[in-house]
Amino acid sequence: MAETTQRAAFPIRTSFITEKVGIAPMIAAVVLLLIVLAAIFAPLIAPHDPIYQNPIMRLKPPSAEYPLGTDNYGRDLLSRVIWGARVSLLIGIGVTVMAVVVGLLIGLVSGYIRLADAIIMRVMDGLMAMPSVLLAIAIVSLIGASIWTVMAAITIPEIPRVVRLVRSIVLSAREEPYVEAAISLGTSMPRILWRHLMPNTFAPLTVQATYVCASAILTEAILSFLGAGVSTETPTWGNIMAEARVYFRLKPELIFWPGMALSLCILSINLLGDAARDILDPRMNKREA
Amino acid sequence: MPTYFIRRVLAAIPVMLVVAVFVFLLLRLTPGDPAAILAGDMATPDQLEKIRTSLGLNEPVYVQFTRWIGGLLQGDFGTSLISNTPVIDLVADRMWPTIWIALITITLSVIVAVPMGVLAAWKHRSWVDHAVMTFSVLGFSVPVFVIGYLLIKLFALDLGWLPVQGYIAPSQDFAAFAARAVLPALTLASIYIALIARMTRASLLDVLGEDYVRTARAKGLTERRVLFRHALRNAAVPVMTVIGTGFALLISGVVVTESVFNIPGLGRLTVDSIFARDYPVIQALILLTSGVYVGVNLIIDLSYSLLDPRIRY
C-alpha cells in the first residue's frame, strides 16, 4: 500500500519540477556537480602536478600526455584548470556563507529597529555606491593577497544586497498579525526576530545566495586576472588567464579553457538560482523574470 | 518638485560621506604602519617619512580627516606617491578614453537591448523570447574578459576586420578610433545588454497584462502603437532604474576591458596604481567612480517624472 502511494506521488513531483523549470537547471546541476567533484578530487584526477615546471615542454599543443597542451612554463593546462576549480569554489562558498550570515543579522536589526535602520541603510547605500571590483582591489592591495583577504574583500561589497533583501522582508512581515500577537504576548525582541521574522527570509535568501555565489566567483576571477588576487603561484582560473595574456596570439587555448570552465561554473549557478526562484517564489518570478 | 529635487540632492551627501569615511579608514585601519604598507618591503626610512608627511600620517586621525575632506571639497584629491603629480591631473589625463568607450557602450546597449526586450515580451514564450533570455543568462555568466578575448580572436585575429588592441583619440583620427572602439564597446555591452533586455521584457510583460493595453487593442490601434505608445512608456521606469544600477557593473567592466584591449583610460590607471601601491590614486578613483554612480542614479531618479507624468513629487 505504502509502496503504491509512493510510486504515485513520485511522477507527480518530478513532472511538477520539469514543467516548471525545464531541462536547463538539470543540466546545470550535473555540470556544477562535475566541477565540484573535480575540485574535491583534483589530486587524484589531474594527470600532472599543476605547478611542476618543465621548460622543455613549453607551449606544447595537445597530446596524449598533455590533453590540453602546456603553458609557457611547460605546466599541464588540464591539471591547472582542474586545480583552479578549488579556489573558485572555495571563494564562492566562503563569500556566500559570510555575506548571507552577516547580511541576515544586519538586515534583521535594520528592518526591526527604526533608529538603527536609518544609520545602517546610509552605510549600505555608501557601500553599494562603490564599484565592487575597485573596492576589493583597494582592500587586497592594502592588506596583501591571501585567499582570506580576497574572500573578505569580495564579501564586503556583497553584504548590502543581502541586507536590503532581508530588511524589505522584515519590514513587510513585521506588520503581520502573528508578529503583533507575539509582541502582545510579551515575547522578547531577539526571539521575535529569530523565531517569527527570520524564517520568512529563507526562501528569498536561498535564491539570493546563488547570485552572491556566482558574483563572488566572477569577482575572484577578475581580481586574479588583474593581478590583485591570490598569489600567482596558486593555479586559479583568473591567474591562468592572466599569465596567458602575453601568449594569446600564439596559444589562445590558454585563455579559452579556463575561461570556459569559469563561464560554465557561473552559468550553472545562475541557472540553478533562476530555477530555485521559480520553485520557491512564484511572485518574485513574476516581478523579475 | 523643487523641494523634492533639493531633498533628493541632499540625500546624496550622506552617501558620499560614507564612501569618503570608508575610503579614509581603509588605509588607517589596516593592521600595521600605513606608510610601511604603501612603501613596500624595500623602503628606506627617508621614503617612509616622505609618505607620512605626504599623507599627513603624523597628525591625529581627526585632523587628518578634516584636512583631507577640506581638500576634497576644494578639488584636491591628493598627490600620487609615485609620480608626485596631483591625482586630479592623472585622472584628467586618462579619463577621455574611458568616457568615450562608456558612452558608446551605453548608447549601443540601449539601442540593442530595449528592442530585444520588447520583442521577447511581445512574442512571449516563442523562440524569440527563449533566444533573448538565453542570451541574457549568457551575458550575465560569461565574464567580460572571456568575451573580450573571444571577440579579439574572431574579429581581429581570424577575420582580420579590426585591430587587436590600442586606442587612438577621436580628434586625432576618427576612423582609427572607431575601428579600435568597436570590440571594447561590444565586450562591455554584453552584460549591460543582458541586464537591460531582461528588465525591459519583465517590465513590459507586467504592463501588457493591464486593462488599458487590452482597451488599446480593442479600439483597433496598430500593434506598434500599442507596444510603443501605451505599453513601453509605462514600462520605462524600471528599465531606467536598471540602467542606473547597472552603471556599477559598467565601471567594474571598464577596468577589465581596458586591460584586455590595452586602452590607456581610468581602468588602466587603476590597475597600474595597484601594482605601484599608489593608494592616493586608488582612493581618489573609488571616490570619483562612486560620485559618478551616485550622480547618474540621481539624474535617473529625477527624470522619472518626465517619463511618467503620474509621478509627481
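Throughout, protein chains are lettered first and strands after them, A, B, ... in sequence-line order, and every chain is numbered starting at 1.
- Crowding of A/Trp257 atom CH2: a count of heavy atoms from other residues, nucleotides or ligands under 6.0 Å not exceeding 12.
- In terms of non-hydrogen atom pairs under 4.5 Å with chain A, the most contact-rich of B/Leu250, B/Val260, B/Leu287, B/Leu150 is B/Leu150.
- Contacts of B/Leu26 with chain A are made by both backbone and side-chain atoms, with heavy-atom separations under 4.5 Å.
- No donor-acceptor distance shorter than 3.5 angstrom exists from the side chain of A/Tyr211 to the backbone of A/Ile269, with no hydrogens or angles considered.
- Note on B/Phe145, B/Phe140, B/Tyr293: by heavy-atom pairs under 4.5 Å with chain A, the leading option is B/Phe145.
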Exercise. Between B/Tyr279 and B/Val23, does a side-chain contact (heavy atoms from CB on, under 4.5 Å) hold up when you go through it step by step?
Worked result: CA-CA 10 Å; B/Tyr279 192 71; B/Val23 168; 4.2 Å; yes
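- When heavy atoms are compared at a cutoff of 4.5 Å, A/Asp125 approaches chain B by way of both its backbone and its side chain.
- Contact count versus chain B (heavy atoms, under 4.5 Å) is highest, among A/Ile222, A/Ile217, A/Leu127, for A/Ile222.
- Proximity to chain B (any heavy atom under 4.5 Å) is restricted, for A/Leu271, to the side chain, taken from C-beta onward.
- Residue A/Met241 touches chain B through its side chain alone, counting heavy-atom pairs closer than 4.5 Å.
- When heavy atoms are compared at a cutoff of 4.5 Å, B/Val21 does not approach chain A at all.
- Both the backbone and the side chain of A/Ala221 come within less than 4.5 Å of a heavy atom of chain B.
- Contact of B/Thr270 with chain A is made through the side chain alone, with heavy-atom distances under 4.5 Å.
- Interface residue A/Leu218: only side-chain heavy atoms are found under 4.5 Å from chain B.
- At a 4.5 Å heavy-atom cutoff, the contact between A/Ile156 and chain B is made by side-chain atoms alone.
- By number of non-hydrogen pairs under 4.5 angstrom with chain A, the leading residue of B/Ser290, B/Ala248, B/Gly291 is B/Ser290.
- Between B/Lys123 and B/Asp129, the shortest heavy-atom contact is O-CB, 3.4 Å.
- Of the listed residues A/Leu264, A/Ile139, A/Leu142, A/Leu267, the one with more heavy-atom pairs under 4.5 angstrom with chain B than any other is A/Leu142.
- Looking at B/Val271, only its side chain comes within 4.5 Å of chain A, counting heavy atoms on both sides.
- For chain B, the option among A/Ser263, A/Ala228, A/Gly126 with the highest count of heavy-atom pairs below 4.5 Å is A/Ser263.
- Among the candidates A/Val123, A/Asp117, A/Ile119, the single residue satisfying the side chain to side chain contact (heavy atoms under 4.5 Å, CB included) test with A/Met121 is A/Asp117.
- Residue-environment remark: CZ (A/Arg249) stays at or below the threshold of 12 foreign heavy atoms within 6.0 Å.
- Using a 4.5 Å cut-off between heavy atoms, B/Val255 touches chain A through backbone and side chain atoms alike.
- The candidate with the highest count of non-hydrogen atom pairs below 4.5 Å against chain B, out of A/Pro131, A/Gly259, A/Ser141, is A/Pro131.
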Problem set entry | Chi angles and distances behind the side-chain contact (heavy atoms from CB on, under 4.5 Å) call for B/Phe77, B/Gln283 | CA-CA 9 Å; B/Phe77 281 82; B/Gln283 181 172 286; over 6 Å; no
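- Judged purely by distance below 3.5 Å, without hydrogens or angles, the side chains of B/Glu258 and B/Thr98 pair a donor atom with an acceptor atom.
- Only the side chain of A/Ile255 comes within contact range of chain B, with heavy atoms under 4.5 Å apart.
- Although no hydrogens or angles enter the test, the distance criterion places no donor-acceptor pair under 3.5 Å between the side chain of A/Ser88 and the main chain of A/Ala85.
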Problem set entry | Criterion side-chain contact (heavy atoms from CB on, under 4.5 Å) on A/Glu220 and A/Val230, from CA distance to verdict | CA-CA 9 Å; A/Glu220 187 280 324; A/Val230 293; 4.2 Å; yes
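- Only the side chain of B/Pro14 comes within contact range of chain A, with at least one heavy atom under 4.5 Å from a heavy atom of that chain.
- The aromatic rings of B/Tyr149 and A/Phe248 are tilted relative to each other, their planes meeting at an angle between 30° and 60°.
- In summary, the side chains of B/Thr257 and B/Thr187 do not present any donor paired with an acceptor at a separation below 3.5 Å, with no hydrogens or angles considered.
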